[in-house]
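Take a look at the structure set out below.
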Amino acid sequence: MSIVMLQPVIALVMWTFIMWLWMYVTRLPAIQKMKLKMDPHVPPRDLMNQLPATVRWKADNYNHLFEMPTLFYAVALSLAMLGDATSWSVNLAWTYVALRVIHSLFQSTVNKIEVRFSIFALSSIVLFALTVRAAIAVF
């Protein structure tokens, strides 16, 4: 088992909790300020869509951290189990984490979609490269 390959995994999980905290630190005061009623008969999405976009961006990003990163977790954990601690794999994993953090910060503050997509696309290419490394190791 490669411990060094687990470090970026734990780092991204920790980042997800930071985004979770940022989401609530931003969302709860906005809900209070708007005096938004939490009506169980109204779908949560409809309630949250009443909040300003800059507040929703944090929640959108938090949700995004449960999409493509789930593939990262599977691939990185597989490489760790295979004992892959090569500089290529570790650097790719850390690069993926760094790009996801940059993506989060950009989406949560500026959110220009063209730039955000470029960051996402680059992180996806890095994840694909990591996946290829895992496939070569397994097959």
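All heavy atoms count here, side chains included; hydrogens, waters and symmetry mates do not. Position 1 is the first residue of the sequence, and the numbers go up from there.
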For this session: Taking all non-hydrogen atoms of both residues into account, name the closest pair between Thr16 and Tyr73 and its distance.
Result: OG1-OH, 3.9 Å
Exercise. What pair of heavy atoms forms the shortest contact from Trp15 to Leu65, and how long is it?
Worked result: CD1-CD1, 4.0 Å
Exercise. Quick one: does Thr26's side chain have a donor or acceptor within less than 3.5 Å of a partner on Trp22's backbone?
Worked result: yes
Exercise. With a 3.5 Å cut-off and no angle check, do the side chains of Ser108 and Asn61 form a donor-acceptor pair?
Worked result: no
Problem set entry | Path from Leu6 to Val126 over hydrophobic side-chain contacts below 4.5 Å | yes
For this session: Compare every heavy atom of Met5 with every heavy atom of Ala76, then report the nearest pair and how far apart it is.
Result: O-CG, 3.7 Å
Problem set entry | For Leu92, the option from Val75, Leu130, Leu79 that meets side chain to side chain contact (heavy atoms under 4.5 Å, CB included) | Leu130
Problem set entry | Connected via hydrophobic side-chain network under 4.5 Å: Val4 and Val9 | yes
Exercise. Any chain of hydrophobic side-chain contacts (each under 4.5 Å) joining Phe66 to Met68?
Worked result: yes
Exercise. Are there more than 12 heavy atoms of other residues, nucleotides or ligands under 6.0 Å from atom CE of Met14?
Worked result: no
Problem set entry | Criterion side chain to side chain contact (heavy atoms under 4.5 Å, CB included) against Ile119, the qualifying member of His103, Arg100, Gln107 | His103
For this session: Would you check if the side chain of Asp84 reaches a backbone N or O of Ala80 as a donor-acceptor pair within less than 3.5 Å?
Result: no
Problem set entry | Reference residue Leu51; test side chain to side chain contact (heavy atoms under 4.5 Å, CB included); the match among Thr54, Asn49, Val55, Leu47 | Val55
Exercise. Could you state the interatomic distance from CZ (Arg27) to CD (Gln32), rounded to the nearest 0.5 Å?
Worked result: 13.0 Å
Exercise. Are Val13 and Leu71 linked, directly or through other ILVMFWY residues, by side chains that come within less than 4.5 angstrom of each other?
Worked result: yes
Problem set entry | Distance in Å, Ile18 CD1 paired with Leu105 CG, rounded so as to fall on 0.5 Å steps | 9.5 Å
Exercise. At their closest point, which heavy atom of Lys58 faces which heavy atom of Met23, and how far apart are they?
Worked result: CB-CA, 3.9 Å
For this session: Starting at CD1 of Ile125, measure out to CG of Leu99 and round the result to the nearest 0.5 Å.
Result: 10.0 Å
Problem set entry | Inter-residue atom distance Ser118.OG - Ile113.CD1, 0.5 Å rounding | 12.0 Å
For this session: Hey, can you tell me if Phe117 and Phe120 have their rings parallel, tilted or perpendicular (30° and 60° cut-offs)?
Result: tilted
Problem set entry | Sub-4.5 Å side-chain heavy-atom contact between Ile31 and Lys33 | no
Seminar exercise, completed: Taken to the nearest 0.5 Å, the spacing of Asn111 CG from Asp60 CG works out to 7.5 Å
Exercise. Counting only heavy atoms not in Met81, do more than 12 fall under 6.0 Å of its CE?
Worked result: no
For this session: Measure up the Phe72 and Tyr96 rings against each other and bin them: parallel (under 30°), tilted (30 to 60°), perpendicular (over 60°).
Result: parallel
Exercise. What are the two closest non-hydrogen atoms of Pro8 and Val97, and how far apart are they?
Worked result: O-CG2, 3.3 Å
Exercise. CE of Met19 to NE2 of His64: how many Å apart, nearest 0.5 Å?
Worked result: 10.5 Å
Problem set entry | Distance-minimising heavy-atom pair for Trp88 and Arg133 | CB-CZ, 3.6 Å
Exercise. Is Trp57 linked to Phe106 within one hydrophobic cluster, defined over Ile, Leu, Val, Met, Phe, Trp and Tyr using a side-chain heavy-atom separation of less than 4.5 Å?
Worked result: no
Problem set entry | 4.5 Å side-chain heavy-atom contact, Thr86 and Val90 | no
Exercise. How about Leu21 and Phe17: do any of their side-chain heavy atoms sit closer than 4.5 Å?
Worked result: no
